[in-house]
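In what follows, a structure is listed as structure tokens, so that the remarks can point back to it.
The structure presented is a predicted model; accordingly, all values stated were derived computationally and were not measured.
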Amino acid sequence: MASFVDVLVEEHDELPEGCSMRFQAEGEGRPVERVAYESETGVAGTFHVEGRRAGGAAVGATAYEVKDSSAGTSVLVVGGERGLRLRSLATGETFAEPYLLLAPSAVLG
């Protein structure tokens with residue numbers, strides 16, 4: 001039986017368009033706290049990642065292996081109703097994303 005992960009991120013100041021997506025998972029989710037990432041502004045490196053609930057409270061992020069038609073198997077990282085917050089461990093800059101779709105090697109722990 002197929003398992004699906006629904007990404008439902010409400011609209012808010014940091015993610016004004018929100019997000020509604022569905023991915024087919026290859027197994028159970030696992031907690032994740034660090035990822036290799038590059039922001040749209042070019043900040044790259046290791047980032048702490050966490051989810052945010054509707055009220056803004058932090059919640060753990062979860063990684064799922066998913067099928068990706070263009071890349072084979074990828075890792076989907078999701079958080080709460082307000083998506084993900086990423087903080088660069090090198091610069092301290094923070095970024096919001098509704099979800100991340102990464103290569104397996106980019107999930108660091």
Worksheet item: Quick one: hydrophobic cluster around Leu108, which other residues, with the 4.5 Å side-chain cut-off, linked directly or via members?
Response: none

Item to complete: Look at the rings of Phe95 and Tyr37 and say which category their plane angle falls in: under 30° parallel, 30 to 60° tilted, over 60° perpendicular.
Response: tilted

Discussion item. My understanding is that only residues two or more places apart in sequence, or in another chain, count here; which of them pass salt bridge (charged side-chain N to carboxylate O under 4.0 Å, His left out) with Glu10?
Written reply: Arg82

Discussion item. So, taking the atom named OG in Ser39 and the one named CD in Glu97, what distance separates them when rounded to the nearest 0.5 Å?
Written reply: 8.5 Å

Discussion item. Just to verify, what does Glu65 make a side-chain hydrogen bond (donor to acceptor under 3.5 Å, both in side chains) with, not counting sequence neighbours?
Written reply: none

Response to the item:
When every non-hydrogen atom of Leu101 is compared with those of Ser74, the smallest separation belongs to CD1-CB, 3.8 Å

Worksheet item: What heavy-atom pair brings Thr73 and Pro104 nearest, and what distance separates the two atoms?
Response: O-CD, 3.8 Å

Fill in: Verdict with supporting geometry, Arg30 and Val107, side chain to side chain contact (heavy atoms under 4.5 Å, CB included)
CA-CA 11 Å; Arg30 65 185 189 279; Val107 178; 3.9 Å; yes

Item to complete: Provide the full list of side chain to side chain donor-acceptor pair (under 3.5 Å) pairs with a residue in residues 14-23, sequence neighbours left out, each pair given once.
Response: Asp6-Arg22, Glu14-Arg85

Give the table of side-chain donor-acceptor pairs shorter than 3.5 Å for residues 49-59, with sequence neighbours excluded, one pair per line with atom names and distance.
{"unit_1": "Glu50", "atom_1": "OE1", "unit_2": "His48", "atom_2": "NE2", "d": "3.4"}
{"unit_1": "Glu50", "atom_1": "OE2", "unit_2": "Arg52", "atom_2": "NE", "d": "3.4"}
{"unit_1": "Glu50", "atom_1": "OE2", "unit_2": "Arg52", "atom_2": "NH2", "d": "2.7"}
{"unit_1": "Arg52", "atom_1": "NH1", "unit_2": "Gly56", "atom_2": "O", "d": "3.3"}

Worksheet item: Roughly how far, to the nearest 0.5 Å, is CD of Glu28 from OG1 of Thr62?
Response: 11.0 Å

Worksheet item: Do the side chains of Leu102 and Phe47 join up, straight or via other hydrophobic residues, at under 4.5 Å, putting them in one cluster?
Response: yes

Worksheet item: Taking side chain as C-beta onward, heavy atoms only, is Val75 less than 4.5 Å from Val32?
Response: no

Just list the side-chain donor-acceptor pairs under 3.5 Å for residues 87-94, sequence neighbours left out, or say none.
{"unit_1": "Ser88", "atom_1": "OG", "unit_2": "Ala90", "atom_2": "N", "d": "3.2"}
{"unit_1": "Ser88", "atom_1": "OG", "unit_2": "Thr91", "atom_2": "N", "d": "3.1"}
{"unit_1": "Ser88", "atom_1": "OG", "unit_2": "Thr91", "atom_2": "OG1", "d": "3.2"}
{"unit_1": "Thr91", "atom_1": "OG1", "unit_2": "Glu93", "atom_2": "N", "d": "3.2"}
{"unit_1": "Thr91", "atom_1": "OG1", "unit_2": "Glu93", "atom_2": "OE2", "d": "3.3"}

Worksheet item: Hey, mind stepping through Leu86 and Leu100 against side chain to side chain contact (heavy atoms under 4.5 Å, CB included) and telling me if it holds?
Response: CA-CA 10 Å; Leu86 296 106; Leu100 298 174; 3.6 Å; yes

Worksheet entry | Any residue meeting ring-ring contact (aromatic ring centres under 6.0 Å, His included) with Tyr64, in chain and number order, not counting sequence neighbours | none

Worksheet item: Do Val9 and Val66 sit in the same hydrophobic cluster, where Ile, Leu, Val, Met, Phe, Trp and Tyr count as joined when their side-chain heavy atoms come under 4.5 Å apart?
Response: yes

Practice prompt. Any pair with a residue in residues 5-29 that passes ring pair (Phe, Tyr, Trp, His ring centres under 6.0 Å), sequence neighbours left out, goes on the list, sorted by first then second residue, please.
Written response: Phe23-Tyr99

Practice prompt. Would you kindly confirm whether Leu84 and Leu15 end up in one hydrophobic cluster when ILVMFWY residues are joined by side chain heavy atoms under 4.5 Å apart?
Written response: no

Item to complete: Check side-chain hydrogen bond (donor to acceptor under 3.5 Å, both in side chains) between Glu33 and all other residues, then give those that pass, not counting sequence neighbours.
Response: none

Response to the item:
For Leu8, the other hydrophobic cluster members (4.5 Å side-chain criterion, sorted by chain and number) are none

